[in-house]
Amino acid sequence: MYIGIDLGTSAVKLLLMDENGLVKCSVSREYPLYFPAPGWSEQNPEDWYRETMKGMQELLEGFDKEEVRGIGFSGQMHGLVVLDENDEVIRPAILWNDGRTGEECEYLNNVIGKKKLSEYTANIAFAGFTAPKLLWMRKHEPENFARIKKIMLPKDFLAYRLTGVHCTDVSDASGMLLLDVKKRTWSKEMCEICHIREDMLPKLFESSECVGTLLSGEAKMLGLSQDVKIAAGAGDNAAAAVAAGAVGDGNCNISLGTSGTVFISSSRFGVDENNALHAFCDANGAYHLMGCMLSAASCNKWWMDGIIGTKDYGKEQDKIEGLGENHVFYLPYLMGERSPHNNPNARAVFIGMTMDTTRADMTQAVLEGVAFALRDSLEVAKKMGIKTERTRICGGGAKSALWKKIIANVLRVKVEVLQAQEGPALGGAMLAAVACGAYESVEAAVAKIVRVVDAVEPEPWLADKYEQRYRQFQEIYPACKGLFELIK
């Protein structure tokens, strides 16, 4: 059996998978998220470790622990975890959805220059990336910056605590703005720009490589053998693509989690001319393009839990009628936005309400706004000559039949539903199985494990209605952009 661990933003999700891909058990454990200033987002890495260990103990209850062969990771990307010379955490981790690095991104994109950044890393600076966070820390916390001995990503902190190895994989490292993505090596130029040494960065692995085995203390705590292998794993979206079978040239996966992504796998390295999409290494030795929006299913959670005060998401969606006819629009930029606008100052907006606007109209606008924003990224890929006719879908938002229907028609693609809905945690377990030799490759694991059980086809009449609505949606952000600068 194999354990998959997905270190998410709100919780760590763990599952136990047998060698045939059958999920035997799953567990989720939450931990705090801190917002010490507007637009900031932090977590305590020790919370991750504590809840992960408790989660594994809970996961393994009632199972034969001697059958566990490997552990693989998935996790939130871009977060900055810094350790001192004693491998102690220096400060809370600065997360992927943190927007404090506006000045640093301006410096990187406009002084160093987008052309050079793209040459060095295949990407430009976004507020959530790791490199701008290092520059922010150097300027605002110089004492802490001087203490840095190791720079890590969130999931890799867990791997280090289990193995004692400072490691990362190329898919997760791609989002740091420190990796030469094309060559799959650390960028010496970016290390110099960020005033760090290459030895401060972890050792690079491919996602399905074994980085080490369990330390004796952790093995004893979990009741596992010290021979259990730890796979490098992958960033959450690359791991979700493995679980969805979206590996191989041209395959697409949409993730509707806290953030939202459009993930397109490619056998060839490529960068769009405006760097609106991220060009990253894939979990199977190839590459992928990814559009990332910072608030996706979290928009619906915010609207349902925080604004209208209900946990009955299904009941609210049952009230929605008239798809493609809603006059209320919603910009889903609660935490700023990444793809394709790259604007940490962007904010969520409702527009178009009248006296007869209903609660259902507002709920519908939230679902549609997220779908429209996903299409923004797909439009960039289209301009690169990438034609997408179908996509897999995963994440908490994918449980909604209505949302899947909206996405199929807004994007004009066939949306395929998978038998296993576990997403990144399953991808982590599959990578562990490959690392242990149960499968000869990621593709072989996908062929054996991943099954499509349903599909939502776009309906031409509804897709045409949404085409008109999408064109209207495209006009709202440019009209509001100047206002975002005034209210930041």
Side-chain angles (χ1 to χ4, degrees), residues 35 38-39 99 256 258-260 293-337 340-341 343-377 379 396-412 456 458-488:
F35 304 103
L256 270 183
T258 301
S259 62
M293 54 186 295
L294 297 180
S295 302
S298 54
C299 287
N300 195 41
K301 179 178 174 61
W302 162 79
W303 173 245
M304 292 290 177
D305 297 2
I307 305 302
I308 61 178
T310 180
K311 291 286 186 181
D312 196 343
Y313 294 11
K315 182 179 178 181
E316 295 299 321
Q317 292 182 16
D318 287 343
K319 302 173 185 176
I320 293 173
E321 298 176 351
L323 294 184
E325 298 174 0
N326 194 9
H327 292 281
V328 181
F329 290 87
Y330 170 74
L331 296 188
Y333 310 143
L334 289 172
M335 295 293 294
E337 190 53 299
H341 303 305
N343 184 358
N345 297 320
R347 290 294 177 260
V349 172
F350 280 107
I351 190 169
M353 292 82 75
T354 58
M355 284 296 291
D356 61 350
T357 294
T358 66
R359 174 160 149 167
D361 293 336
M362 305 286 280
T363 301
Q364 181 177 342
V366 171
L367 303 181
E368 291 172 339
V370 171
F372 290 143
L374 290 170
R375 178 163 169 178
D376 280 343
S377 289
E379 289 295 307
K399 296 175 183 176
S400 165
L402 177 64
W403 214 347
K404 288 188 291 239
K405 181 176 181 177
I406 290 171
I407 288 170
N409 284 282
V410 168
L411 274 61
R412 289 184 177 269
V456 182
E459 302 168 66
W461 66 272
L462 183 53
D464 288 344
K465 283 188 174 183
Y466 271 126
E467 188 69 30
Q468 180 183 355
R469 293 286 181 255
Y470 175 64
R471 298 306 170 192
Q472 294 170 337
F473 174 86
Q474 285 183 299
E475 300 297 322
I476 301 172
Y477 171 78
C480 294
K481 185 178 179 182
L483 296 175
F484 296 144
E485 297 301 316
L486 296 176
I487 63 175
K488 65 180 180 179

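Note: Phe484 CZ to Leu331 CG = 5.5 Å, rounded to the nearest 0.5 Å. Between the CZ atom in Phe372 and the OH atom in Tyr330 there is a gap of 13.5 Å [rounded to 0.5 Å]. From Ile307, atom CD1 reaches atom CH2 of Trp302 across 4.5 Å, with rounding to the nearest 0.5 Å. Atom-to-atom distance recorded for Leu367:CG and Ile406:CD1 is 5.0 Å, nearest 0.5 angstrom. Considering OG1 of Thr358 and CD of Glu321, their distance stands at 9.0 Å, rounded to 0.5 Å.
Here the shortest heavy-atom pairing between Ile407 and Ala371 reads CG1-CB, 4.0 Å. Summarising the geometry of Pro478 relative to Gln474, their closest heavy-atom pair is CD-O, 3.2 Å, with the distance given to 0.1 Å. Contact between Gly99 and Pro344 at its shortest, heavy atoms only, is O-CB, 4.2 Å. The minimum heavy-atom distance between Leu334 and Ser295, with the atom names listed, is CB-OG, 3.6 Å. Taking each heavy atom of Met293 and Ser259 in turn, the nearest pair found is O-CB, 3.2 Å. Residues Gly369 and Pro332 approach most closely at O-CG, 3.7 Å, considering heavy atoms.
With respect to the salt-bridge test (charged N to carboxylate O, under 4.0 angstrom), the residues Arg471 and Glu475 do not qualify. Under a 4.0 Å N-O distance rule, the pair Glu368/Arg375 does not qualify as a salt bridge. Between Asp464 and Arg412 there is a salt bridge, with a side-chain nitrogen of the basic residue lying less than 4.0 Å from a carboxylate oxygen of the acidic one.
Annotation: side-chain contact (heavy atoms from CB on, under 4.5 Å) contacts of Gln472 (sequence neighbours excluded): Phe329, Gln468, Arg469.
The side-chain heavy atoms of Leu483 and Val349, taken from C-beta on, include no pair separated by under 4.5 Å. Between His327 and Thr357, every side-chain heavy-atom pair lies at or beyond the 4.5 Å cut-off. Looking at Arg347 and Glu337, their side chains never come closer than 4.5 Å, going by heavy atoms from C-beta outward.
Counting only residues at least two apart or in different chains, side-chain hydrogen bond (donor to acceptor under 3.5 Å, both in side chains) contacts with residues 396-405 comprise Gln317-Ser400.
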Criterion side-chain contact (heavy atoms from CB on, under 4.5 Å) on Gln364 and Arg359, from CA distance to verdict: CA-CA 9 Å; Gln364 181 177 342; Arg359 174 160 149 167; over 6 Å; no
Do Leu374 and Leu256 pass the side-chain contact (heavy atoms from CB on, under 4.5 Å) test, and can you show the C-alpha distance, the side-chain angles, and the key distance before you say yes or no? CA-CA 10 Å; Leu374 290 170; Leu256 270 183; 4.2 Å; yes
Pair Val370, Asn300 - check side-chain contact (heavy atoms from CB on, under 4.5 Å), show working. CA-CA 9 Å; Val370 171; Asn300 195 41; over 6 Å; no
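No donor-acceptor contact under 3.5 angstrom links the side chains of Tyr333 and Asn343, judged on distance only. Remark: the Asp376 side chain and the Tyr470 side chain contain an N/O donor-acceptor pair separated by less than 3.5 Å. Of the N and O atoms on the side chains of Asp356 and Thr354, at least one donor lies less than 3.5 Å from an acceptor on the other residue. In the model, Asp305 has a side-chain atom that pairs as donor or acceptor with a side-chain atom of Tyr313 under 3.5 Å.
Remark: Lys319 NZ is packed, more than 12 non-hydrogen atoms of other residues, nucleotides or ligands lying under 6.0 Å away.
Distance alone, capped at 3.5 Å, places no donor-acceptor pair between the Asn345 side chain and the Glu485 backbone. In this structure, Asn409 contributes its side chain and Glu459 its backbone to a donor-acceptor pair below 3.5 Å.
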